[in-house]
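Here is the naming used below: chain letters follow the sequence lines, and residue numbers restart at 1 for every chain.
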There are 2 protein chains.
Amino acid sequence: MNFSSIEEADLEQSGFSYTLSLISGKYKMAILYCLMEYKVVRYNEIKRYLKTISHKTLSTVLKQLEADGLVHREEYPQIPPKVEYSLTERGKSLIPILDSMCLWGEKNR
Amino acid sequence: MNFSSIEEADLEQSGFSYTLSLISGKYKMAILYCLMEYKVVRYNEIKRYLKTISHKTLSTVLKQLEADGLVHREEYPQIPPKVEYSLTERGKSLIPILDSMCLWGEKNR
DNA sequence: CCGTATCCTTGCCGATACTG
DNA sequence: CAGTATCGGCAAGGATACGG
């Protein structure tokens with residue numbers, strides 16, 4: 001995006017706002033990092049790693065990440081149920097941006 | 001940040017969350033881009049460029065950006081008043097990250 | 001011209017309880 | 001085990017009016 005697009009187009013249409021909508025929120029990035037680190041993770045494992053997240057929030061956020069194509073959900077039809085989450089290629093391509101944000105934040109805070 | 005810090009520390013303390021808190025919000029990035037493009041800009045100029053932003057929101061966000069050290073505010077004590085905003089060095093150092101987010105969003109949306 | 005004050009709506013997120 | 005349902009609190013952001 002360059003500035004001319006701010007003048008002419010709606011902000012909602014910029015690439016920045018789109019990217020921001022995918023990663024902003026209290027837990028999204030932590031979940032992405034969790035999946036990056038452990039590759040394939042079950043629902044309750046994620047919940048344990050994040051510690052403070054509620055069922056409702058984790059459930060909601062995972063569905064958003066899945067809908068946004070960043071996370072893959074694999075369900076095994078068995079009892080008790082088993083569901084595994086992992087990053088898609090699209091999700092992995094976002095990691096360098098998350099890293100640069102971490103780095104900037106640690107240097108400049 | 002690496003994953004071990006997710007396990008051991010609070011999310012609130014990560015560099016990512018800090019960076020995110022500086023740039024998330026509906027208009028922050030647009031203001032930063034506006035300042036990047038035009039260098040020194042008056043209050044009402046910013047308001048015109050952003051079009052849909054309200055007085056209250058612009059005022060609030062500018063104060064946050066100033067408090068976070070990303071934006072410099074120069075006030076000229078005259079009537080009618082004149083105030084100019086510009087990026088600090090710290091603010092400029094954030095631009096590459098904003099750019100990469102724009103780029104990713106445009107490629108992947 | 002450059003804001004503040006007030007009121008209001010909306011959406012995120014947590015707590016808790018329940019289900020296949 | 002892996003969720004959904006319901007309720008409620010809190011903060012961001014918009015509309016409008018007023019002030020130095």
With sequence neighbours excluded, what pairs up with B/S59 under the side-chain contact (heavy atoms from CB on, under 4.5 Å) test?
B/Y43, B/K63
Correct closest heavy-atom pair for A/N108 and B/S93 would be ND2-OG, 4.4 Å
So what does B/K56 hit on the nucleic acid, given a heavy-atom distance under 4.0 Å: a base, only sugar-phosphate, or nothing?
base
Check for a donor-acceptor pair, side chain of B/K47 on one end and backbone N or O of B/I53 on the other, with a separation under 3.5 Å.
yes
Let's go through B/Y49 and B/Y38 carefully: what are the C-alpha distance in whole Å and the side-chain angles of both, what is the deciding distance for ring pair (Phe, Tyr, Trp, His ring centres under 6.0 Å) to 0.1 Å, and is it a yes or a no?
CA-CA 11 Å; B/Y49 293 135; B/Y38 293 101; 5.0 Å; yes
Not counting sequence neighbours, list each pair that qualifies as a salt bridge (Lys or Arg N to Asp or Glu O under 4.0 Å) and has a residue in residues 76-88 of chain A.
A/K82-A/E84
Return the CG to CG distance between B/L103 and B/L98, rounded to the nearest 0.5 Å.
12.5 Å
Could you give the distance from CG (B/L62) to CD1 (B/I31), rounded to the nearest 0.5 Å?
5.0 Å
Proximity to DNA chain D (any heavy atom under 4.0 Å), residues of residues 60-82 of chain B only:
B/P81
For DNA chain C, note the earliest and the latest nucleotide, 5' to 3', having some atom under 4.0 Å of a heavy atom belonging to chain A.
C/dC13 to C/dG20
Nucleotide range of DNA chain D lying under 4.0 Å from chain B heavy atoms:
D/dG13 to D/dG20
When B/L94 is tested against each of B/T88, B/I23, B/L87 for side chain to side chain contact (heavy atoms under 4.5 Å, CB included), which residue passes?
B/I23
Show me the donor-acceptor pairs within less than 3.5 Å that the side chains of residues 66-74 of chain B make with the rest of the protein, sequence neighbours left out.
from  : atom 1 : to    : atom 2 : distance (Å)
B/H72 : NE2    : B/E74 : OE1    : 2.8
B/R73 : NE     : B/Y85 : OH     : 3.3
B/R73 : NH1    : B/E75 : OE1    : 2.9

Please name the pair of heavy atoms, one in B/A30 and one in B/L50, separated by the smallest distance, quoted to 0.1 Å.
CB-CD1, 3.3 Å
